Amino acid sequence: MAQPLSPKPTTIFSSHSSAVLTLFFLILLCVLGLYTLHHPKSASPSITSQNALHFHEIFLSTATNTTLSTYLRDLTLHPHLAGTQASLQTAQYVENHFKDLGLSTHTVDFEALLSYPLHTSVSLHFQNGSTKDLILTEPGQSGRVVNPYHAYSPSGSVFAKVVFVNYGREEDYRTLVGLGVNVSGCVVVARRGEVSRGGVIRKAKENGAVAVLLYTDGDKFNGIERGTVMRGLGDPLTPGWGDVETGEKLGLEDSDVLKRFPKIPSLPISVHNAEVILRSLEGFKVPYEWKGTLQSKFGNVGVGPTLVNFTYQEEKKVAKIHNIFAVIRGWEESDRYVLLGNHRDAWTYGAVDPNSGTAALLDIARRYTLLMRSGWAPRRTIVLCSWDAEEFGMVGSTEWVEHNVLNLGSKAVAYLNVDCAVQGPGFFARATPQLDDLIIEVTKKIKNPDSERMDIYETWVAMNGGINIQRLSGVDSDYAAFLQHAGISAVDMYYGRDFPVYHTAFDSYDWMLKSGDPLFQRHVAVAGMWGLLALRLADDPILPFNYLSYTAQLQKHVNALGNLLDDSVSLHPIILSIQDLAAAAQGAEEERKLRGTVTTDYLLKLKRRSLNDKLMLAERGFLDAEGLQGRQWFKHLVIYPPLVFILCFYMIIMAMYRSTQRVFKNKQ
């Protein structure tokens, strides 16, 4: 990755570019590439597979839990919501850390539309004539953190009766209709869990509700979960393309912008406030099928008689966000990038989400620097990425990927994401299938932080009854743009399935000390996993991708699809394609054994380069340049946010869904 030669670089670390300069540099790169091809240089350090392994062992041995604890304490001294002065200070802390280590550091700024609360009030009007004004932030936190809100919720004021709608799913509304409950014109109260925030609000609007109050059932901390309710990823003013200075931006009233936002106001509330409302309801009894998982104790769903007077005033404004990068240039394939990413911004203090991951990223940078001082350099370029404004909808990472999608598409080996590094006990991983074997290998190298006599792999198997690597089908962190838009192989990993202070004012350093990871050994484990995965991807002569895992995954999807179809539909073309992929994957495995040794022979280097490029680019083969029907931003045909039935073969599934809907309408 070339160093910037001027104050306005045109590398992937520039947020603004000129078409003329871009064309010039493309031509220059072609000339340099041809020159390099015919005038090979042996400028590489004498790093063999054996001493690369030695450096990997040094990396693992230089972990210190006290260092990670110090980083996290510094990062969580104050709330740092994206677009604020405090968030800028956190960005500067990360930037200075990279610079102090002597790493090549770059800052890329974007301007994006963010959303903040100006005024919120909720009062209850009971049947007996009494009223109650609700306290809408956590105890002792008023004025210290941003008041709980839903980013991009529209302003509005309503005065209406209340109905409880369980999770706010379609089946919940059908249950209410069956009881004779009409939510039209009402404020609905829903509990978080089964549907995204935005999905709950859209479904409420479809059923005629005028506002939504969301709470977290069973919360023992009485926290309030902030979050975004915008549909889609990235800056809504630049949908599908990265922000460029003087470039095109849509207007706030553009239809493509407005459709990203809900049509009715919403607000997160504490479980205590929710129970005050719900216990005052009369009308129909809570359905039996809802009671099994319902921890709040109340008897009726409404309608009313309690009335809610709810006012919310939002401010949307264009704010500057800051992505920070540190680059360690590769010695052999410097134009191939292994990217490690974590977002920095938080709704409040962010000890778990996301700064447990930020602390791990800073420690990896420190340990890589120690390796460099010992003579190590990666075979491929490593890029450490610190994203901004993830909480608003993966804005920072999405803008950067959209801006650099062609460059990344031809050069990015993999993207390794860690958001909440430590949430509690137990290791969890999600990945594209060709990385499964590598993840398993690395877990065998890392000590289990909760049991000194076992490694992560042994604990993982014992906990799950086997290895269980999930797929990246969600849009809940910064891997989304890399995988689902650009087709770059990806990993997301973390310790602990969830945590009770998610997006609340209690996500603090004190909570981490008392509950999440008191000795910071889980932080050490995640940093070790993350950093060693990147070292393997950066240092192995042949990329450690195994596409046989991918073919096995695809075959499972075909089997699931076959169970949904009758004999009149043949899956033979898909099966043949998977068999072809399996044959190619087996061939790549055999070629890996031949090309995997370090050599000075230039022809063999070119063959190895060719094999690595095939392995790297194979994931891009699952992209549809036109995007998924009705969801054009998403390009990946295999891994995408699921809508109906099963995860895979989007076009077939949607055709089946539309056919089912037509049959249902005809029967009606």
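Computed from heavy atoms alone, side chains included, the values below leave out hydrogens, waters and symmetry copies. All of these numbers come straight from a predicted model, not from anything done at the bench.
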Between N128 and S130, do the side chains contain an N or O donor and an N or O acceptor separated by less than 3.5 Å?
yes
For the CZ atom of R260 and the CG atom of D254, what is their distance to the nearest 0.5 Å?
11.5 Å
Are any of the side-chain heavy atoms of V187 and V212 separated by less than 4.5 Å?
no
Greater than 12 external heavy atoms within 6.0 Å of K556's NZ
no
Can you pull out every ring pair (Phe, Tyr, Trp, His ring centres under 6.0 Å) where at least one residue sits in residues 290-317? Sequence neighbours excluded, please.
F164-W290, F164-F298
Suppose we screen for side-chain contact (heavy atoms from CB on, under 4.5 Å). Which residues come up paired with V146, at least two apart in sequence or across chains?
L81, P117, Y149, R226
Atom CD1 in I224, atom CG in L214: separation rounded to 0.5 Å?
12.0 Å
Going by side chain to side chain donor-acceptor pair (under 3.5 Å), name the residues that satisfy it together with D476, two or more places apart in sequence or in a different chain.
R430, Y479
With a 4.5 Å heavy-atom cut-off, do F506 and F499 have their side chains touching?
no
Taking C-beta and beyond as the side chain, do E619 and T432 meet within less than 4.5 Å on heavy atoms?
yes
Which is it for Y415 and D478 under the side-chain contact (heavy atoms from CB on, under 4.5 Å) test, yes or no, and what are the steps along the way?
CA-CA 9 Å; Y415 174 70; D478 290 300; 3.6 Å; yes
The single option from S153, S155, S115 that satisfies side-chain hydrogen bond (donor to acceptor under 3.5 Å, both in side chains) with E314 is S115
Does this structure show an ion pair linking D235 with K249, if we count only N-O contacts that are shorter than 4.0 Å?
yes
Are I321 and L114 side-chain neighbours, meaning at least one heavy-atom pair lies under 4.5 Å?
yes
Please report the C-alpha distance between L124 and L307 in whole Å, then the side-chain angles of each, then the deciding distance to 0.1 Å, and finally whether the side-chain contact (heavy atoms from CB on, under 4.5 Å) criterion is met.
CA-CA 6 Å; L124 308 181; L307 293 159; over 6 Å; no
Within 45° of the axis and under 6.0 Å from the centre of the six-membered ring of Y167, does NZ or CZ of R191 qualify?
yes
With a 3.5 Å cut-off and no angle check, do the side chains of N417 and S477 form a donor-acceptor pair?
yes
Is it true that the side chains of E402 and W633 contain a donor and an acceptor less than 3.5 Å apart?
yes
Could you check whether any side-chain heavy atom of T228 comes within less than 4.5 Å of a side-chain heavy atom of E391, counting everything from C-beta outward?
no
Is the count of non-hydrogen atoms from other residues, nucleotides or ligands lying under 6.0 Å from I135 atom CD1 greater than 12?
no
Using the ring of F261 (Phe, Tyr or Trp, six-membered ring only), decide whether K316 places NZ or CZ under 6.0 Å from its centre and within 45 degrees of its axis.
yes
CZ of R174 to CG of L179, rounded to nearest 0.5 Å, is 13.5 Å
State whether E225 and R197 are salt-bridged, where the test is any N-O pair (Lys NZ or Arg NE/NH1/NH2 against Asp/Glu carboxylate O) under 4.0 Å.
yes
Is it the case that T358 and R344 place a side-chain donor and acceptor less than 3.5 Å from each other?
no
Pairwise distance NZ(K635) to CG(L623) - rounded to 0.5 angstrom
8.5 Å
Is the H125 to F159 ring centre distance short of 6.0 Å?
yes
Tightest non-hydrogen contact, residues I639 and P433, listed as CD1-CD, 4.4 Å
Indicate yes or no: at least one non-hydrogen side-chain atom of D624 is less than 4.5 angstrom from one of F634.
no
Examine the side chains of T348 and D507 and answer whether a donor and an acceptor come within less than 3.5 Å of each other.
no
Verify the neighbour count for atom CZ of R169: are there more than 12 heavy atoms of other residues, nucleotides or ligands below 6.0 Å?
yes
Would you say that N222 contacts E138 through its side chain, given a criterion of any heavy-atom pair below 4.5 Å between the two side chains?
no
How about R279 and T306: does a side-chain donor come under 3.5 Å of a side-chain acceptor?
no
Between the side chains of T238 and E399, does any donor sit under 3.5 Å from an acceptor?
yes
Any donor-acceptor pair under 3.5 Å linking the side-chain atoms of R471 with those of Q553?
yes
Shortest non-hydrogen pair, A421 vs S356, comes out as N-OG, 2.9 Å
Step through it carefully: locate the ring centre of F392, locate the ring centre of W347, and say whether they are under 6.0 Å apart.
yes
Indicate whether any N or O donor in one side chain lies under 3.5 Å from an N or O acceptor in the other, for D388 and H343.
no
Consider only side-chain N and O atoms of T76 and N355, and report whether a donor and an acceptor are under 3.5 Å apart.
no
Honestly, is K317 close enough over Y116, meaning NZ or CZ under 6.0 Å from the six-membered ring centre and within 45° of the axis?
yes
Do H80 and D345 have side-chain atoms, one donor and one acceptor, less than 3.5 Å apart?
no
Roughly how far, to the nearest 0.5 Å, is the OG atom of S266 from the CG atom of L213?
8.5 Å
Any side-chain donor near an acceptor of the partner, N468 and Q470, under 3.5 Å
yes
For the pair V158 and V308, evaluate side-chain contact (heavy atoms from CB on, under 4.5 Å) and give the outcome as yes or no after the intermediate values.
CA-CA 8 Å; V158 300; V308 167; 5.7 Å; no
Side chain proximity check, M230 to H150, heavy atoms < 4.5 angstrom:
no
Look at atom NZ of K161 and say whether more than 12 heavy atoms of other residues, nucleotides or ligands are closer to it than 6.0 Å.
no
For F428 and P425, work out which heavy atoms get closest and say how close.
CE1-O, 4.1 Å
Can you tell me how far CH2 of W387 sits from CD of E390, rounded to the nearest 0.5 angstrom?
11.5 Å
